[in-house]
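Every heavy atom of this structure was used, including side-chain atoms; hydrogens, water molecules and symmetry mates were not. Position 1 is the first residue of the sequence, and the numbers go up from there.
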Amino acid sequence: MFKKILVANRSEIAIRVFRAARELSIPSVGIYAADDRLTLHRFNTPECYEVGAGKGPIEAYLDMEDVIRIAKTSGADAVHPGYGFLSENPEFAQLCADSGITFVGPSPEIMRRLGNKVEARALAMAADVPVMPATDPLPHNDEEVLKLAESVGFPFMLKASWGGGGRGMRVIEDSSNLLDQVAAARREAQAAFGNDEVYLEKLVRNARHVEVQIMGDSHGQVVHLFERDCTAQRRHQKIVERAPAPYLTQDQRDKVTGAAVRLARSVDYHNAGTVEFLQDVDTGEFYFIEVNPRIQVEHTVTEQITGLDLVKSQIRIAAGAKIGDLEASGIPRQADIQMRGAAIQCRVTTEDPRNSFIPDYGHIVAYRSPAGPG
């Protein structure tokens, strides 16, 4: 097991990983941006260092070299990236490997292959996983873009190839505003991900969003931990997560979880990940969207219905534990993973209703936590 784990993140997920490490009797190290010097996560672990001195609150947590410096200085031999920031950055995972530090997540190569949504679609097709009709990355030629769009047929969802979190996504009904929307999406993608590559995917108007939690080890084993429904969204951001998806028949559940495991095995996936699908409500068919090669915000609802601690299992599997050995990895073999009950997670969206609902911040003036039996 690791001697010490550095958590390369902030706030809720940092505290979540600190807790998992503490329960595994592993010392943890935190980092904080200067603007976060008074936030809770800084004081939730006995060892915490400022990262990215002189940088803004986002840039500080993205300072790969400084994160590695702190890991080495503190004696950490593993880094858990949480979600967001560096969690899906293959260059950071490679930098960890080159520095002799274990990255708690998939390999850099897997992240590169799955991080590009266009290549991920190709991998899904090779694994016999159904995908939505879509174009290749759009060329920087207006005439060619229009030809590609006409060949697949409107309406579309415009997406960033390296995107996530709804950034760069737009519904395109017809060709009248296609080129303007492509240009805007390119700018947004470039600003958010450092890459302006976008593509068009056939739009399913009446769709449900279903995602499957998977876990793989370094011994070639992959299991699923059932599915979550995340259809309720605001501006392409999930706001309600529930597990299991109450509308799935057992046959549909077997179909979508089987597709997720098949894809993960085909790329030799290891550690935690989520395979996302759209289900066409009218036909019941599933279509692959993307793979998130990290732990997700909504992992907690899966933990509630399975009774398994996914973050502790991430750490154990990164240290070489084998799925099926419950004591070593915390994950039993597939036949022994059971689903009991249901769980719901709701997120609060902080917006200003008097100013076109733009993202905003403020003080929580009243809060009551759940209490009582159960």
Do [X] and [Y] have side chains that approach each other closer than 4.5 Å (heavy atoms only, starting at C-beta)?
X      : Y      : value
Glu201 : Val152 : no
His219 : Ile323 : no
Arg42  : Asp36  : no
Leu248 : Phe286 : yes
Glu241 : Ile344 : no
Phe92  : Val67  : yes
Met169 : Met157 : yes
Gln296 : Ile13  : no

Assess Arg121 against Phe288: is NZ or CZ under 6.0 Å from the centre of the six-membered ring, and within 45 degrees of the ring's axis?
no
Between Arg208 and Phe277, is NZ or CZ placed under 6.0 angstrom from the six-membered ring centre and within 45° of the ring axis?
no
Between [Y] and [X], do the side chains contain a donor N or O and an acceptor N or O under 3.5 Å apart?
X      : Y      : answer
Tyr83  : Glu12  : yes
Ser176 : Asp174 : yes
Gln213 : His299 : no
Thr45  : Ser28  : yes
Tyr49  : Glu47  : yes

Take Thr257 and Glu227 through the side chain to side chain donor-acceptor pair (under 3.5 Å) test and state the conclusion after the steps.
CA-CA 7 Å; Thr257 55; Glu227 81 287 344; over 6 Å; no
side-chain contact (heavy atoms from CB on, under 4.5 Å) assessment of Met1 paired with Ile315:
CA-CA 9 Å; Met1 186 45 76; Ile315 295 168; 4.1 Å; yes
In sequence, state the C-alpha distance, the side-chain angles, and the governing distance for Tyr247 and Asp229, and then conclude on side chain to side chain donor-acceptor pair (under 3.5 Å).
CA-CA 9 Å; Tyr247 45 78; Asp229 168 67; 2.6 Å; yes
Could you state whether [X] and [Y] fall into the same hydrophobic cluster, counting links through intermediate Ile, Leu, Val, Met, Phe, Trp or Tyr residues with side-chain heavy atoms under 4.5 angstrom apart?
X      : Y      : value
Phe85  : Leu6   : yes
Met132 : Tyr199 : no
Val17  : Ile331 : yes
Leu86  : Phe18  : no
Leu148 : Val182 : yes

Examine distances only and state if a side-chain atom of [X] and a backbone atom of [Y] form a donor-acceptor pair shorter than 3.5 Å.
X      : Y      : result
Gln252 : Thr249 : yes
His80  : Gly82  : yes
Thr350 : Tyr361 : no
Asp309 : Val311 : yes
Arg186 : Asp196 : yes
Tyr269 : Ala272 : yes
Asn141 : Glu144 : yes
Arg262 : Asp128 : yes
Asp352 : Asp360 : no

Please evaluate residues Arg205 and Glu173 with respect to the criterion salt bridge (charged side-chain N to carboxylate O under 4.0 Å, His left out), reporting the C-alpha separation (whole Å), side-chain torsions for both, the decisive distance (0.1 Å), and the verdict.
CA-CA 11 Å; Arg205 290 196 186 279; Glu173 296 287 356; 2.7 Å; yes
Atom [atom1] in [X], atom [atom2] in [Y]: separation rounded to 0.5 Å?
X      : Y      : atom1 : atom2 : value
Tyr61  : Ile31  : OH    : CD1   : 6.5 Å
Glu298 : Cys346 : CD    : SG    : 12.5 Å
Ile214 : Arg265 : CD1   : CZ    : 10.5 Å
Thr302 : Ile337 : OG1   : CD1   : 11.0 Å
Gln314 : Ile5   : CD    : CD1   : 10.0 Å

Go through the steps to decide whether Leu310 and Leu225 satisfy the test side-chain contact (heavy atoms from CB on, under 4.5 Å), and finish with yes or no.
CA-CA 10 Å; Leu310 300 191; Leu225 291 88; 3.5 Å; yes
Would you check, one step at a time, whether the test side chain to side chain donor-acceptor pair (under 3.5 Å) holds for Thr274 with Glu211?
CA-CA 6 Å; Thr274 304; Glu211 57 189 24; 5.3 Å; no
Electrostatic pair [X]:[Y] at N-O distance under 4.0 angstrom:
X      : Y      : result
Asp325 : Lys322 : no
Arg170 : Glu188 : yes
Asp63  : Lys55  : yes
Arg112 : Glu88  : no
Glu197 : Lys159 : no
Glu276 : Lys238 : yes

[atom1] ([X]) with more than 12 external heavy atoms under 6.0 Å:
X      : atom1 : answer
Leu326 : CG    : yes
Glu143 : CD    : no
Ile358 : CD1   : yes

With side-chain contact (heavy atoms from CB on, under 4.5 Å) as the test, would you mind laying out the steps for His41 and Val7 before giving the verdict?
CA-CA 10 Å; His41 83 273; Val7 183; over 6 Å; no
Which heavy atom in Met111 sits nearest to a heavy atom in Phe103, and how many Å separate them?
SD-CE2, 3.9 Å
Which atom names give the shortest non-hydrogen contact between Asp217 and His270, and what distance separates them?
O-CB, 3.4 Å
For Glu303, the option from Arg16, Arg228, Lys312 that meets salt bridge (Lys or Arg N to Asp or Glu O under 4.0 Å)
Arg16
